[in-house]
*Asks:* 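This structure is in structure tokens; I'll ask about it shortly.
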Amino acid sequence: MNFTPCLFTICLLTSGLFLAQKGGKNKLWYDKPAKQWVEALPVGNGRLAAMVYGDPSKEKLQLNESTFWSGGPSRNDNPDGPKVLDSIRYYLFNGNYKRAQILADRGLTAKSLHGSAYQNIGDLTLDFNDLSDVKNYYRELDIEKAVATTTFTSSGITFKREVFASVPDNVIVIKLSSDKKKTLSFTAGFNGELKKNTKAIDPNTLQMDGLSSTLDGIQGQVKFNALAKVINKGGKTLVSGNGISVSGADEVLILVSMATNFTDYRTLDTDEVLKSRKLIESAQNKPFETLFKNHLAAYQKYFKRVYFDLGTSNAAANPTDIRIKNFVTSYDPELISLYYQFGRYLLISSSQPGGQPANLQGIWNNSNKPAWDSKYTININTEMNYWPAEKTGLPEMHEPLVQMVKDLSESGKETAKTMYNSRGWVAHHNTDIWRITGVVDFANAGMWPMGGAWLSQHLWDKYLYSGDLNYLRSVYPVLKSAAQFYEDFLIEEPTHHWLVVSPSMSPENIPQGHQGSALAAGNTMDNQLIFDLFTKTKKAAQLLHMDDDKIPVWNTIISKLPPMQIGRYRQLQEWMGDWDDPKDNHRHVSHLYGLFPSNQINPFTTPELTDAARTVLIHRGDVSTGWSMGWKVNLWAKLLDGNHANKLIKDQLTLVEKDGWGSKGGTYPNLFDAHPPFQIDGNFGCTSGITEMLLQTQNGFIDILPALPDEWKNGNISGLKAYGGFEINIIWENNKAKEIIIKSTLAGNCRLRVPNEMQLTGNIKLKKAEGKNPNLFFDTPEIKIPLISKEAKLNPTEIKNEFIYDFPTEPGKIYKLKMK
Ligand code: FUC
């Protein structure tokens, strides 16, 4: 192919009809086709996904379907659990950590099944037979419309390709057009490693079917069927080998449908051929304009809820990969807002009601043996995927996670019984589409019986945004059963007689002097998770007037949990013993769960713990894997240090040019987060973190611009959500809040913390806030006084709280505050 990249200064496409608006606020764009997967552009409808390469001569769309996983319905509980549990606990309480680990590997780690892998359907290729004289090349992903477009000229003709994945029509739509009739000629074909057959079933329909892999001894049982319907205007189509050749068409629409036999995590009885065919049949009679209109309405309903503007600069005139490369040395605020909205784009595109939750790679995966199986790591990664959901106006996208937790509460009940002889449900550090809940990999990574406790927090937190009691009623049994597991599983440790989780670990870190074993009892994160789980379950029961008799039981458990501890280096202790190493730069900062996403540590009511949490972050350092940096953006925001949070955003927006493995994260040319390799949690974590810099809602009030970096002088954001059903718009100028608009949907007291003096427009006066916030959505927990090492020299910072106001609100009313 003779290919000339376009220079952005001269890249004006020739034809008026095909003139593409190059770049722009919500666009990723490039002046060359993707050479590797992390340069291709993702589209998805929550179930179907494609990575679009945009190659003029050899177009490729790598395809996924969210239910195409290796294996089949399966479980992985180790039945020897009850035989080894007491001994493991004995060893842990007596300092023989290594023996505990060895025994856990023997009696608790899964005997053979370590989880299934999310797999790749294959590629749709469109071979244009080496186009000559390619010029004016341009490709973009418009995240405001969720469309990937490629345009270029060849021999003076302008070609255009548009691709989107439609939720309402449930197919991937590709439109090929040009500004001259009869110029579209190519061969279309399917290919994939796991295919069984691929053929043209008629001159307009390609079909591929296949079967998922066998892994860890579980026979691959997921069957897929993929169809591509080629609808040409003008020209003709012919079956050519396994493909279809199109010649001399004026315009071509290709509809891609994919389906599997997956019905639910226990059942594989869907007719994948019928499903895939029906979807094509109902889409094929609709004109492109109708398909596009349907798609746009369904997508924008979600996307347009939040608008974010941080200003722009000349840097925005460059292609996206160059902007990432230059980010640290140039001033490019619009890349931050683009990256932010890209996180929302990815969540809308990978997690739709009724579907699977976003896995480690969302739904985009080109491998059949992906990193960590591209499954669900629930000791941080899956939770992080959903941090932006509620607060950035995407509660519907949270639903697949809620459904997965409901599934796990069923599958995990058997695990609790089989492995620990306990009631309730338990999940460890991984799960997959079959909702396995046993211990995977090896004890040093997998022996963490807290996955259920962490995921359950999402059930309650979702309620805090909507106030929907019917929803709360529907998830309450899951919360109660998660708590019930720990009612049975917690054990009194011999020194302080605290109730602790044992065996467990602080994911996935090994304390110094611990004989190389990660296993320990009473780890800080576990205590924080249990505290939250029981506190939230109790609140839910009280709101729903249920289980009065359980309240004293839960209160007793809460009172016997260990307090947080500040160790000799002034650090929040990660473990029950003062074992932290100030040189430890492990990517997990599990004990900081208490700071974010939880609110047990905050600068307002727990200054000493806040100081100790800051020490941990300083010891750990900034640069790490992608998701670790994404978490740290949130953590520094919660410490009210916007400049440090901004530094982390810069670390995260460091270009990683090539796909591969490593421990230094960053961002790929297509804005995918680099663990490396690609892992989507970093994208979502950072979107959440940016929100936390502008709005926090967990400390008993709505905190406006709590961690605004000096560099973000002017900006505005609208459509953010706070607890208690409040919707917030903020405009700031010269680092001061200029205007705040608050919509109340549920009524109640609105307590606001603002960075400068403000007044309400209209008749209502702001009152200086005093005492506890009467609005129960903002209720904050009572934390035990921490134990502090005698060697620790604390340095807590005092927070200036000059402007905290109260005003009453009514449902449906809008309130405007202006700078005084
Ligand atoms: C956890 C992390 C790794 C990776 C994996 C998917 O094990 O420690 O860094 O993100 O999940």
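These numbers come from a predicted model, not from an experiment.
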*Asks:* So, do Leu694 and Leu708 sit near enough that their side-chain heavy atoms are less than 4.5 Å apart?
*Replies:* yes

*Asks:* Donor-acceptor pairs are to be reported for all side-chain atoms of residues 515-522 against protein atoms at under 3.5 Å, with residues two or more places apart or in another chain.
*Replies:*
{"unit_1": "Gln515", "atom_1": "OE1", "unit_2": "Tyr97", "atom_2": "N", "d": "2.8"}
{"unit_1": "Gln515", "atom_1": "OE1", "unit_2": "Lys98", "atom_2": "N", "d": "2.8"}
{"unit_1": "Gln515", "atom_1": "NE2", "unit_2": "Gly95", "atom_2": "O", "d": "3.0"}
{"unit_1": "Ser517", "atom_1": "OG", "unit_2": "Tyr97", "atom_2": "O", "d": "3.1"}
{"unit_1": "Ser517", "atom_1": "OG", "unit_2": "Leu519", "atom_2": "N", "d": "3.1"}

*Asks:* Hey, can you tell me if Trp372 and Trp661 have their rings parallel, tilted or perpendicular (30° and 60° cut-offs)?
*Replies:* tilted

*Asks:* Taking the inter-plane angle between the rings of Trp636 and His644 on a 0 to 90° scale, is it parallel (under 30°), tilted (30 to 60°) or perpendicular (over 60°)?
*Replies:* parallel

*Asks:* Would you please say whether a donor-acceptor pair under 3.5 Å links the side chains of Gln528 and Ser598?
*Replies:* no

*Asks:* Taking salt bridge (Lys or Arg N to Asp or Glu O under 4.0 Å) as the cut-off, I'd like each qualifying pair that reaches into residues 502-517, sequence neighbours left out, listed once.
*Replies:* Glu508-Arg587

*Asks:* When you check the side-chain N and O atoms of Asn602 and Thr605, is any donor under 3.5 Å from an acceptor?
*Replies:* yes

*Asks:* Angle between ring planes, Tyr723 versus Phe778, binned at 30° and 60°: parallel, tilted or perpendicular?
*Replies:* tilted

*Asks:* Suppose the criterion is salt bridge (Lys or Arg N to Asp or Glu O under 4.0 Å): which pairs have a residue in residues 515-541, not counting sequence neighbours?
*Replies:* Asp461-Lys536, Lys539-Asp779

*Asks:* Do Glu487 and Arg423 meet the salt-bridge criterion of a basic N to acidic O distance under 4.0 Å?
*Replies:* yes

*Asks:* Lys83: what forms a salt bridge (Lys or Arg N to Asp or Glu O under 4.0 Å) with it, not counting sequence neighbours?
*Replies:* Asp80

*Asks:* Would you check if the side chain of Gln565 reaches a backbone N or O of Met576 as a donor-acceptor pair within less than 3.5 Å?
*Replies:* yes

*Asks:* Apply the side-chain hydrogen bond (donor to acceptor under 3.5 Å, both in side chains) test between Tyr340 and each candidate in Thr691, Thr687, Thr392, Asn683; give the one that qualifies.
*Replies:* Thr691

*Asks:* Tell me if the aromatic rings of Phe726 and Phe777 count as close, with their centers under 6.0 Å from one another.
*Replies:* no

*Asks:* Please find out if less than 6.0 Å separates the ring center of Trp627 from that of His588.
*Replies:* yes

*Asks:* Looking at Glu692 and Lys391, is there a salt bridge between them, counting it only when a charged N and a carboxylate O are closer than 4.0 Å?
*Replies:* yes

*Asks:* Can you name the side chain to side chain donor-acceptor pair (under 3.5 Å) partners of Asn773, sequence neighbours left out?
*Replies:* Asn749

*Asks:* Which residues satisfy the salt bridge (Lys or Arg N to Asp or Glu O under 4.0 Å) test with Asp641, sequence neighbours excluded?
*Replies:* none

*Asks:* Are any non-hydrogen side-chain atoms of Ser456 and Trp425 less than 4.5 angstrom apart?
*Replies:* yes

*Asks:* May I ask you to check whether Lys632 and Gln652 show a side-chain donor-acceptor distance below 3.5 Å?
*Replies:* no

*Asks:* With a sphere of 6.0 Å drawn around NZ of Lys550, does it hold more than 12 non-hydrogen atoms of other residues, nucleotides or ligands?
*Replies:* yes

